Structures are given as structure tokens and as C-alpha cells.
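What follows is one structure encoded as C-alpha cells, with my remarks underneath.
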Amino acid sequence: MTLLPPGQRRVDGFPRFGTHLHHPPPVIPPNPAIEVTGAVRAPLTVALAELDGLPRVERLADFHCVAGWSACGLRWEGVAFATFYRMLIEPHLTSAGTVTHVVFRGWDGYRSIVLLEDALAEDVLVATGLDGHPLSPAHGAPVRLVSPSQYGFISTKHLCGIEVHTRRPRDDHPYTVLTRSHPRARVWKEERHPWFPAAAVRPVYRSLIRPIARLSARGVR
Ligand SMILES: Nc1nc2c(c(=O)[nH]1)N[C@H]1C(S)=C(S)[C@@H](COP(=O)(O)O)O[C@H]1N2
Ligand SMILES: [Mo]
């Protein structure tokens with residue numbers, strides 16, 4: 001038994017979960033690439049094939065959703081985000097300002113905002129494989145972010161864009177007060193919500209697990 005972060009409960013397997021709800025995974029173009037924009041001298045396009053040229057790593061990790069479920073012992077394969085950043089992005093940065101935040105965008109329009117410091121942690125991957133197979137559409141094909149020390153909403157699936165910013169970008173999600181996301185979302189500090197104590201939001205979030213998991217599963221049937 002792995003020790004779980006506070007307020008988490010183990011689930012069997014690894015459910016598909018997300019704000020996509022029942023929508024099927026997005027249609028991915030034939031030659032997918034990751035567009036890098038923001039504080040770079042010119043936008044750059046990183047073809048997925050280019051990831052094969054970078055040092056590849058495997059990381060065994062548990063995955064924790066802010067709603068309260070944890071999937072245990074997932075084996076991710078890909079490129080460390082720190083490697084991606086140092087080798088592909090850093091050489092192209094503008095000299096105006098220091099990068100503080102990174103936005104990860106998915107083909108379905110999803111977006112997560114991460115402090116550069118958190119994104120550079122050694123367990124953060126740009127992942128193309130899970131448990132010995134290429135990523136499935138349910139779990140973010142063809143490539144996703146995985147940041148196991150932060151709640152799952154940071155880990156954008158179907159990654160199509162990375163923006164680098166020199167200050168915190170505006171959070172343009174249609175959030176209700178209750179679903180506002182914590183800017184760091186570190187699981188061991190139980191950073192579930194920016195204002196409310198974690199223990200107060202736990203039962204509310206937990207009540208959403210079943211309906212969201214059911215809807216999400218419908219989208220891949
Ligand atoms: N593109 C995209 N990425 C996403 C989401 C989403 O709706 N769309 N949901 C997030 C949330 S809230 C969680 S918990 C995890 C779930 O990942 P999984 O479906 O592989 O279990 O994906 C995250 N990344
Ligand atoms: Mo989540």
C-alpha cells in the first residue's frame with residue numbers, strides 16, 4: 001500500500017476524468033506538434049517526432065485528482081519537462097523579463113497554468129506513454145503533461161501548446177467560486193482551493209467523482 005496524500009482515496013484502475021465530461025477525446029491532426037508561444041523571440045513548433053531525439057525517462061507515480069481519487073502505481077514514459085524547457089524553449093526566450101509561469105493547452109481547449117518552478121520539478125513529464133503503451137485517447141493521446149505532485153487538473157491532456165509568461169496570466173476559465181483552482185495545487189500540502197480550507201471542500205468535491213467519472217467514461221465508449 002502506498003501512502004496517500006491527505007484527503008485522497010485510492011481508486012481501482014485509472015478512470016478517464018475531466019472538464020471534457022462526456023465529450024469524446026479531441027480529433028488530433030495527422031502530424032501533431034506542440035506550439036511554443038509567449039516570451040519567445042518567435043513562436044516555435046515542436047513536432048512530436050522531435051521528442052524522440054531528447055533523453056527519454058520513465059517515472060513511476062501515483063496520480064491525484066483534486067476531487068479526491070488517486071490512481072496508484074502508474075508508469076509514465078516521455079521527456080522531463082525540464083529537459084524540454086532547457087533544450088527547446090530556453091534558447092529562444094526573449095531578453096525582456098524572467099519567465100515565471102507556463103500555460104499548457106490541450107487540443108480540446110483545456111488549459112492549465114503552472115509556476116515555472118513547479119513545472120521544472122524533476123517528476124514533471126511531457127508524456128507519450130503509460131504502462132508500456134502509447135497514451136490512449138482517454139488519457140491524453142498523443143502527448144500530455146504529467147505533474148504527479150500536483151492535483152490532476154494541472155496535467156493537461158492532448159497537449160498542443162505551451163506558453164511561457166513573465167507574469168501570471170489571467171485565468172479565463174468559466175469558474176464558479178467553488179471550482180477555482182489553487183495556483184500551486186501541491187497534493188502533499190492539500191492545496192485544493194485558493195481560499196477555502198481543504199477539509200471544507202473535500203466532501204463537495206468527492207460528491208462529484210462518481211457523476212464525472214461516469215460521464216467521462218461515456219465519451220470513450
Ligand atoms: N485536455 C484536458 N486535460 C485534462 C482535463 C481535461 O478535461 N482536458 N482534465 C484534467 C483533470 S481535472 C484531471 S483529474 C486529469 C485526469 O486525467 P485522466 O483522464 O488521464 O485520468 O486530467 C486533467 N487534464
Ligand atoms: Mo481532476
Side-chain angles (χ1 to χ4, degrees), residues 4-5 7-28 32 34-35 59 61-78 81 102-114 119 124-131 133-163 171-176 178-182 184-187 190-193 198 201-202 204-221:
L4 291 180
Q8 293 299 113
R9 290 180 190 168
R10 190 191 171 117
V11 283
D12 289 329
F14 186 27
R16 176 183 192 236
F17 205 86
T19 56
H20 46 57
L21 300 174
H22 64 284
H23 296 290
V27 175
I28 308 296
I34 300 172
E35 299 287 341
R59 293 271 184 279
D62 298 342
F63 188 93
H64 312 286
C65 170
V66 72
W69 59 265
S70 296
C72 295
L74 305 179
R75 189 162 50 86
W76 299 102
E77 195 260 332
F81 176 72
V102 187
V103 174
F104 295 91
R105 291 185 176 281
W107 286 105
D108 57 351
Y110 187 88
R111 173 176 191 264
S112 62
I113 304 175
V114 190
V124 180
L125 296 195
V126 175
T128 53
L130 170 62
D131 292 333
H133 301 282
L135 280 189
S136 65
H139 292 301
V143 60
R144 76 178 294 170
L145 187 76
V146 181
S147 179
S149 304
Q150 296 176 285
Y151 288 118
F153 66 80
I154 296 291
S155 296
T156 293
K157 301 190 277 190
H158 321 291
L159 187 63
C160 69
I162 297 178
E163 291 165 20
D171 203 340
D172 58 7
H173 267 304
Y175 285 124
T176 63
L178 252 183
T179 56
R180 275 188 110 84
S181 48
H182 190 287
R184 302 204 67 182
R186 290 168 294 184
V187 299
E190 209 180 352
E191 291 170 335
R192 287 186 206 273
H193 194 278
V201 293
R202 270 186 204 172
V204 187
Y205 288 3
R206 203 169 273 151
S207 71
L208 299 173
I209 295 178
R210 227 183 233 268
I212 293 177
R214 284 221 179 111
L215 278 175
S216 298
R218 202 183 288 167
V220 284
R221 242 174 250 147

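Predicted model, so just to flag it, every value in this text is computed and none were measured. When a ligand or atom number is given, it counts from 1 through the structure's own listing order.
Within 6.0 Å of CZ in R206 there are more than 12 heavy atoms belonging to other residues, nucleotides or ligands.
For L135 against A127, the heavy-atom pair with the smallest separation is CD1-O, 3.4 Å. Residue K157 comes nearest to H20 through the heavy atom pair NZ-NE2, 2.9 Å, listed as atom of the first residue, atom of the second, then distance. Counting all heavy atoms, side chain and backbone alike, H158 lies closest to P25 at CE1-CB, 4.0 Å.
Aromatic ring orientation, H139 versus F14: parallel (interplanar angle below 30°, classes split at 30° and 60°).
In this structure, ligand 1 sits under 4.0 Å from heavy atoms belonging to F14, P15, R16, F17, G18, T19, H20, F63, C65, W69, D108, Y110, A138, H139, R144, G152, F153, S155, T156, K157, H158.
Residues passing the side-chain contact (heavy atoms from CB on, under 4.5 Å) test with V187, sequence neighbours excluded: P5, H64, Y151.
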